[in-house]
Every structure is written in structure tokens, then in C-alpha cells.
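Each remark here refers to the structure printed beneath this line.
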2 protein chains.
Amino acid sequence: METGMAIGELARRTGTKVQTIRYYEQIGLLPEPLRTAGGQRRYGEAERRRLGFVRHARELGFGLEAIRELLDLAADPGRDCAHADRIAKANLGDVRRKIARLQALEQELARMVEECRGGRVEECRVLEVLADHDLCLSPEHAPPASPEP
Amino acid sequence: METGMAIGELARRTGTKVQTIRYYEQIGLLPEPLRTAGGQRRYGEAERRRLGFVRHARELGFGLEAIRELLDLAADPGRDCAHADRIAKANLGDVRRKIARLQALEQELARMVEECRGGRVEECRVLEVLADHDLCLSPEHAPPASPEP
DNA sequence: CCTACGATCTCCAGTGGCTGTAGCTTCAAG
DNA sequence: CTTGAAGCTACAGCCACTGGAGATCGTAGG
């Protein structure tokens with residue numbers, strides 16, 4: 001009879017770590033699966049698809065709360081999809097802001113590294129720039145919109 | 001006599017939160033400052049410059065461990081600056097990898113959002129793409145090199 | 001049936017870089 | 001001397017996992 005797959009196989013098939021699957025279950029992102037008599041988790045295709053959705057959304061930068069909402073929406077096919085659209089747009093905005101910020105950093109870092117001609121620390125451009133913000137071309141590299149890695 | 005500034009003023013002058021300053025002290029990034037008889041911290045110009053260096057480096061994306069190394073280097077002006085250069089280059093590489101990854105995400109998200117013409121969830125392009133990785137143009141949006149926000 | 005061994009179990013702690021809270025004490029102005 | 005802002009310590013929480021300890025389960029081979 002259909003017994004389902006163990007957590008390790010689900011992990012392998014979705015490119016997720018075993019602990020991460022258990023974590024998703026713990027925070028209620030995945031439902032509690034069936035268990036064997038001995039207490040081990042067994043999963044079916046529905047769970048595999050759900051986890052696939054989660055992983056894919058994560059890869060695209062969605063946060064777990066956003067994913068929770070998206071899963072709720074997907075479970076209710078008759079509803080208007082404006083909400084899903086809004087979530088995706090918010091995420092896109094986030095991603096774009098992060099790109100803009102990182103590009104500003106890249107400019108400063110590249111200039112800093114390029115100007116360092118490898119003498120002694122005394123005359124190191126890298127340390128000099130770090131010590132004095134005024135040496136930056138754009139003093140506008142403010143802290144990020146959303147928290148940094 | 002010179003009593004130095006309180007933590008709040010240092011915070012204001014460097015654009016740092018008070019708790020963050022205490023946290024930096026706790027992890028040994030800033031030295032323990034002088035205290036008043038009542039136990040409050042008092043800072044001088046040297047500390048202000050050091051914190052300024054830290055904040056500036058943070059804004060440029062350096063991690064606290066990298067900053068610790070940079071501070072050590074800066075304290076020793078006779079040494080070769082190759083190490084500082086290496087740290088900065090590593091950070092630049094990190095930033096560039098993050099940009100590349102985010103740009104890939106941006107592509108997918110933008111396409112996803114654009115194709116969603118706001119019908120019902122049933123026919124929502126956003127949810128469809130999330131449910132089926134094969135609908136992505138580049139299946140190459142792998143997990144990030146360094147951990148995500 | 002027994003053993004061996006990998007897979008799985010639960011629980012807990014740690015990551016980075018802060019941020020917020022509770023319940024105090026201290027400082028400085030009036 | 002009073003008051004109110006600012007400081008103090010200690011600890012919990014954030015996100016999204018990740019790793020480890022130590023026990024148990026499942027299954028293949030003998």
C-alpha cells in the first residue's frame with residue numbers, strides 16, 4: 001500500500017535540508033504529515049508540491065510570511081488574485097531597492113579598491129576612505145531598506 | 001575639565017543607536033570607555049572616530065569580523081596594506097554576486113507580475129509560476145551565496 | 001530472530017547584527 | 001531639592017535556518 005516517502009527523500013527531491021522541512025512544519029508552513037507507527041514522518045505528492053512552491057518562492061526572495069499568504073491564496077482558486085499581485089509587486093520593489101543600494105556600494109568599493117596601489121597601511125586608500133566618509137563620491141550610501149544579510 | 005560626551009550624543013553624532021554602541025562594546029569592537037562616578041559611559045574624539053569608521057564600513061557592506069580586521073590593520077600604519085585590500089576585494093566580490101543574483105530575481109519577478117492580468121486566483125500567473133519552476137525562463141535562481149536578509 | 005547501520009526522532013543552542021523591553025539609577029537644569 | 005530625560009543592566013526577540021547530542025526507528029543481511 002501507499003506509505004509515502006520519508007523526510008530524507010522529500011528533502012532530496014525538493015533540494016531542502018531535512019531540518020528545514022521540520023522547521024517549516026514547526027512554524028505551520030507545512031501541515032503535520034502522517035507518521036509511521038514508530039513516529040517517522042511520511043509524505044505524499046501533495047506535500048511535495050507544497051514544499052516545492054515554498055522553496056521556489058524562497059528562491060525568488062519572498063519572505064516566509066509572504067509565502068504563507070500566497071499559499072492561502074493558492075488554496076482558494078475562486079478569489080481575486082489582486083492580493084497575490086500586490087505581494088509579488090512588493091517583493092519586486094524590495095528587490096529593486098536592494099539592487100540600487102548594492103550598486104551604490106559597488107561603485108564606492110570598486111573605486112576604493114582601484115585607488116589602493118598596495119603600499120603601506122599609512123597610505124592605504126581603503127582604510128583612508130573608511131575613516132573619512134567625506135572621501136566618498138556619493139555620501140548617500142545609507143543603511144538598507146530591509147535588513148542586510 | 002574634559003569629561004567627554006555621553007552615549008546619547010555619540011549616538012546622535014555618528015548616526016548609531018545607543019543600544020548598537022553598547023552592543024559593539026560588548027563584542028569588543030569598541031573599547032570599554034571611561035565611566036562617570038555613577039557608572040555612565042563617557043566618550044572622547046578617538047572613540048567617535050573609531051565608531052565612525054565602523055559605521056561607514058557597515059554602510060559599505062562589510063561584516064563585523066571584517067571590520068575588526070580592518071581596525072587592527074589601521075592601528076598599525078607601518079604594515080603592508082595587502083590584507084586590507086584583500087578584505088575590500090572580497091567584499092566587492094560579495095556585493096557583485098548579490099547584485100547578479102538579485103538581477104536574476106528581478107527578471108523573473110517582473111515577468112511574473114507583468115503577465116498577471118488580474119483575474120481570479122485560478123488563472124493567476126504569479127501563483128502558477130511559483131507552483132511550477134519550469135515556467136521560469138532561467139531555472140538558475142539558486143539560493144544565495146551568502147545568507148539572505 | 002538478531003544484529004548492524006543509516007535514517008529519523010526531539011530538543012536545544014547558535015548564527016549576524018542588531019532592536020526592544022522592563023525596571024531600575026544617574027545626571028543636569030530649574 | 002525636584003523633576004524628567006537619559007543612562008544603566010539583563011534579557012528576549014527578529015529572520016530563516018543550521019548544527020549537534022543523544023535516543024529511537026526501519027530494514028537488509030546473516
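Only heavy atoms go into these numbers, but all of them, side chains included; no hydrogens, no water, no symmetry mates. It should be emphasised that the depicted structure is a prediction, and the values quoted were computed from it without experimental measurement. In what follows, chains carry the letters A, B, and so on, assigned in the order in which the sequence lines appear, proteins first and then strands, with residues in each chain numbered from 1.
Spacing between atom CD1 of A:I21 and atom C1' of D:dA16 amounts to 15 Å, rounded to whole angstrom units. A:L29 places its CG atom 10 Å from the P atom of D:dA16, with the value rounded to the nearest Å. For the pair A:R35 CZ and D:dC25 C1', the interatomic distance rounds to 12 Å; values are reported in whole Å. The distance from atom CG of B:L64 to atom C1' of C:dC18 is 9 Å, rounded to the nearest whole Å. We find that CE of B:M5 is positioned 15 Å from P of C:dA28, with the value rounded to whole Å. When the C1' atom of C:dT19 is taken as reference, atom OH of B:Y24 falls 12 Å away, rounded to whole Å. Atom CD in B:E9 sits roughly 16 Å away from atom P in C:dC27 (whole-Å rounding). Atoms OH (A:Y23) and C1' (C:dA13) sit 15 Å apart, rounded to a whole Å.
Ion pair B:R13/B:E45 flagged as a salt bridge, since at least one NZ, NE, NH1 or NH2 atom sits closer than 4.0 Å to an Asp/Glu carboxylate oxygen.
Across all strands shown, A:R12 has no heavy atoms under 4.0 Å from either base or sugar-phosphate atoms.
At distances below 3.5 Å, at least one donor-acceptor pair connects side-chain atoms of B:N91 with backbone N or O atoms of B:L60. Without hydrogens or angle criteria, A:R125 side chain to A:R111 main chain gives no donor-acceptor distance under 3.5 Å. A donor-acceptor distance shorter than 3.5 angstrom exists from the side chain of B:E47 to the backbone of B:G44, with no hydrogens or angles considered. With hydrogens and angles disregarded, a donor-acceptor distance shorter than 3.5 Å links the side chain of B:R58 to the backbone of B:F62.
Summary of the strand contacts: A:R41 and B:T36 both lie near DNA chain C, and taking for each the nucleotide with the nearest heavy atom, the more 5' one is attributed to A:R41.
At the phosphate of C:dG17, neither OP1 nor OP2 sits under 4.0 Å from any side-chain N or O atom of B:T20. Taking 4.0 angstrom as the limit, B:K17 places a side-chain polar atom (N or O) nearer than this to OP1 or OP2 of C:dG20. Contact annotation: A:R42 does not reach the phosphate of C:dA7 (side-chain N/O to OP1 or OP2, under 4.0 Å).
The only option from A:L51, A:T20, A:V54 that meets the side chain to side chain contact (heavy atoms under 4.5 Å, CB included) definition with A:T14 turns out to be A:L51.
The side chain of B:Q40 has C:dT26 as its nearest neighbour among C:dT8, C:dT26, C:dC18.
Listed by chain and number, the residues in a side-chain hydrogen bond (donor to acceptor under 3.5 Å, both in side chains) with A:R12 amount to none (sequence neighbours excluded).
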Under 3.5 Å, which protein N or O atoms sit close to an N or O of nucleotides 10-13 of chain D? Give each pair with its distance.
none

